[in-house]
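In what follows, every heavy atom counts, from backbone to side chain, and hydrogens, waters and symmetry copies are set aside.
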Amino acid sequence: MSSGRSWRLAFKLGISASAYALAGCTSDDSRSRAPLPAGHEMQVVQKRVTTRQADQNSGVFILEYHNFGPKETRYTHSLDHFRNDLNRLYEMGFRPVLMRDYLANRMPLPPGSSPAVFTFDDASPSQFVLDSKGNVDPNCAVGIWLDFARKHTDFPLRATFYPLPQLWGQPEFRRAKVDFLKHNGCELGNHTWTHNNLAKLNDAGVVREIGKSMEMLSKFGFTEVSIAYPYGVRPKNMKLLEGFDYRGKRYKLTGGLLADTDVARSPASTKLRRFAIPRIEAVEGVLGIDYWLDRVSTGRTAVYVQP
């Protein structure tokens, strides 16, 4: 697929996916209003999402997804369950933010809401599918979220993807998919090149695995990224993550994600370990997403709440 065609396709997809967010924002009479005098700019007051008191010291939901399908298995989340995740998170006042915003402690949230960082590992085809005409398949994870966002415009597609080099399959659409995600405010992170266990590699092997992925990500414009460790296993030499040279270029990572099923610390916490951040796995039962949401709803687990 030519780069020109992929850019046009991404633009087409991005406009169709985001047009709903612009609907109703302007009207004929709003354009004809006289400007306010200097010093009297209109102040937009956002309505509180929940009645929960502000709490910037409690935990953050970082959600870990892999595959999607009609039935639930260990590493496959059912499509119906994903729809339920979106509904329940929304009703409980969670709003999506990127991993980079969490790590920078600059999460764009409405008052009274709590952050939910959606992460998708491996770039499995079920996460993002386009049909032969370049339209988003409504039965993939991205398609389901876009449909939800059209009805809930304050819960846009906003996720961090940690891809392997196959980039969701469909080679003819790879660039268009990345462009679409960028246009809609998503980001890509590092998940290594071959999904190798980093603890079993020497320093050169770790640098090669992470460096080849960084080369790919850099071509798409992602140069400052976090890493989701394959299998949740960190390298023995953690200093490498803070900076290394690969094929004449210097790279460093901003943070690292484990596969431990737990609530992450607040980004403002002095106890935050940036390269050992836990995630909540999309599994059924104990320690899955529903388990932690139940704990929040019953007051057993406190979460970050925007003032």
Side-chain angles (χ1 to χ4, degrees), residues 59-68 72-77 81-82 85 97-100 102-103 115-124 126-127 141 159-168 187-203 205-214 216-217 222 225-242 244 251-267 269 271-293 295 301:
V60 172
F61 273 39
I62 301 177
L63 310 173
E64 177 185 359
Y65 292 93
H66 291 89
N67 304 303
F68 295 85
E72 196 95 5
T73 65
R74 176 63 180 84
Y75 290 106
T76 298
H77 206 54
H81 202 164
F82 185 56
D85 292 346
V97 300
L98 297 178
M99 191 66 200
R100 69 184 180 212
Y102 164 80
L103 287 169
V117 183
F118 285 76
T119 67
F120 295 84
D121 287 10
D122 305 336
S124 66
S126 58
Q127 293 174 8
T160 302
F161 291 82
Y162 292 97
L164 294 175
Q166 81 274 4
L167 292 171
W168 309 283
E187 67 171 342
L188 304 188
N190 198 303
H191 200 40
T192 75
W193 193 248
T194 67
H195 207 273
N196 213 325
N197 185 329
L198 296 179
K200 295 183 178 181
L201 302 178
N202 59 22
D203 285 1
V206 172
V207 166
R208 184 172 56 252
E209 280 287 326
I210 299 175
K212 289 190 72 173
S213 179
M214 289 301 300
M216 176 186 72
L217 296 170
F222 297 98
V225 302
S226 54
I227 183 172
Y229 309 113
Y231 314 107
V233 180
R234 291 171 284 173
K236 288 175 285 190
N237 182 3
M238 292 293 290
K239 284 290 184 182
L240 290 173
L241 306 183
E242 299 175 12
F244 63 89
Y251 298 107
K252 66 177 181 178
L253 297 161
T254 59
L257 295 173
L258 305 171
D260 297 348
T261 299
D262 202 351
V263 176
R265 291 189 182 276
S266 162
S269 173
K271 296 181 179 180
L272 173 67
R273 299 168 62 198
R274 295 179 67 86
F275 287 95
I277 300 173
R279 292 187 284 178
I280 296 172
E281 287 192 86
V283 295
E284 288 189 309
V286 177
L287 299 181
I289 294 174
D290 290 321
Y291 168 88
W292 287 106
L293 287 175
R295 288 186 61 88
T301 293

task: For the pair Glu281 (side chain) and Leu287 (backbone), establish whether a donor and an acceptor sit closer than 3.5 Å, ignoring hydrogens and angles.
output: no
message: To check you understand the geometry: which heavy-atom pair defines the closest contact between Gln166 and Asp122, and what is its length?
response: NE2-O, 2.7 Å
task: Can you label the angle between the Tyr251 ring and the Phe244 ring as parallel, tilted or perpendicular, going by 30° and 60°?
output: tilted
message: Is it true that Thr73 and Thr76 share a donor-acceptor pair across their side chains at a distance under 3.5 Å?
response: yes
field: Whether Asn190 side chain and Ile210 backbone form a donor-acceptor pair below 3.5 Å
entry: yes
message: Atom CZ of residue position Arg273 - does it have more than 12 heavy atoms of other residues, nucleotides or ligands inside 6.0 Å?
response: no
Ala141 versus Phe68, closest heavy-atom pair with distance: CB-CE1, 3.6 Å
- prompt: Is a donor on one side and an acceptor on the other found under 3.5 Å between the side chain of Arg234 and the backbone of Leu198?
  reply: no
- prompt: Stepwise, does the side-chain contact (heavy atoms from CB on, under 4.5 Å) test hold for Tyr162 with Ile227?
  reply: CA-CA 7 Å; Tyr162 292 97; Ile227 183 172; 5.6 Å; no
field: From Thr254 atom OG1 to Leu103 atom CG, the distance as rounded to the nearest 0.5 Å
entry: 5.0 Å
- request: Spell out, as yes or no, whether a donor-acceptor pair under 3.5 Å connects the side chain of Glu187 to the backbone of Met99.
  value: yes
task: May I ask you to decide if Asp121's main-chain N or O and Gln127's side chain share a donor-acceptor pair within less than 3.5 Å?
output: yes
statement: What one should report as the nearest heavy-atom pair of Leu98 and Ala159 is CD2-O, 3.3 Å
field: Glu242 side-chain N/O to Lys252 backbone N/O, donor-acceptor pair under 3.5 Å
entry: no
query: Going by the angle between their ring planes, with limits at 30° and 60°, are His191 and His195 parallel, tilted or perpendicular?
result: perpendicular
query: Where do Ala123 and Leu167 come nearest, in terms of heavy atoms and distance?
result: CB-CA, 3.9 Å
OG1 on Thr160 to CG on Leu188, rounded to 0.5 Å: 9.0 Å
Spatial distance of atom CG (Leu257) from atom OH (Tyr102) [nearest 0.5 Å]: 9.0 Å
query: Between Thr192 and Pro230, what is the shortest heavy-atom contact and its length?
result: OG1-CG, 3.4 Å
- prompt: Could you give the distance from CZ (Phe120) to OG (Ser126), rounded to the nearest 0.5 Å?
  reply: 10.0 Å
task: Would you sort out whether Val206 and Lys236 count as a side-chain contact (heavy atoms from CB on, under 4.5 Å), showing the intermediate values?
output: CA-CA 9 Å; Val206 172; Lys236 288 175 285 190; over 6 Å; no
message: Below 30° counts as parallel, above 60° as perpendicular, anything between as tilted: where do the rings of His77 and Phe82 land?
response: perpendicular
query: Can you tell me if Glu64 uses its side chain to pair, donor with acceptor, with the backbone of Thr261 under 3.5 Å?
result: no
- line: Nearest heavy-atom approach of Val60 to Pro267 is CG2-CD, 4.0 Å
query: Do Leu63 and Thr119 have side chains that get closer than 4.5 Å, going by heavy atoms?
result: no
field: Step-by-step side-chain contact (heavy atoms from CB on, under 4.5 Å) determination, Leu253 to Val225
entry: CA-CA 6 Å; Leu253 297 161; Val225 302; 4.0 Å; yes
query: To the nearest 0.5 Å, how far apart are CD1 in Ile289 and CZ in Phe61?
result: 8.5 Å
- prompt: Distance from Glu284 atom CD to Glu72 atom CD, nearest 0.5 Å?
  reply: 4.0 Å
message: Would the distance check show the side chain of Tyr229 and the main-chain N or O of Phe275 forming a donor-acceptor pair, the cut-off being under 3.5 Å?
response: yes
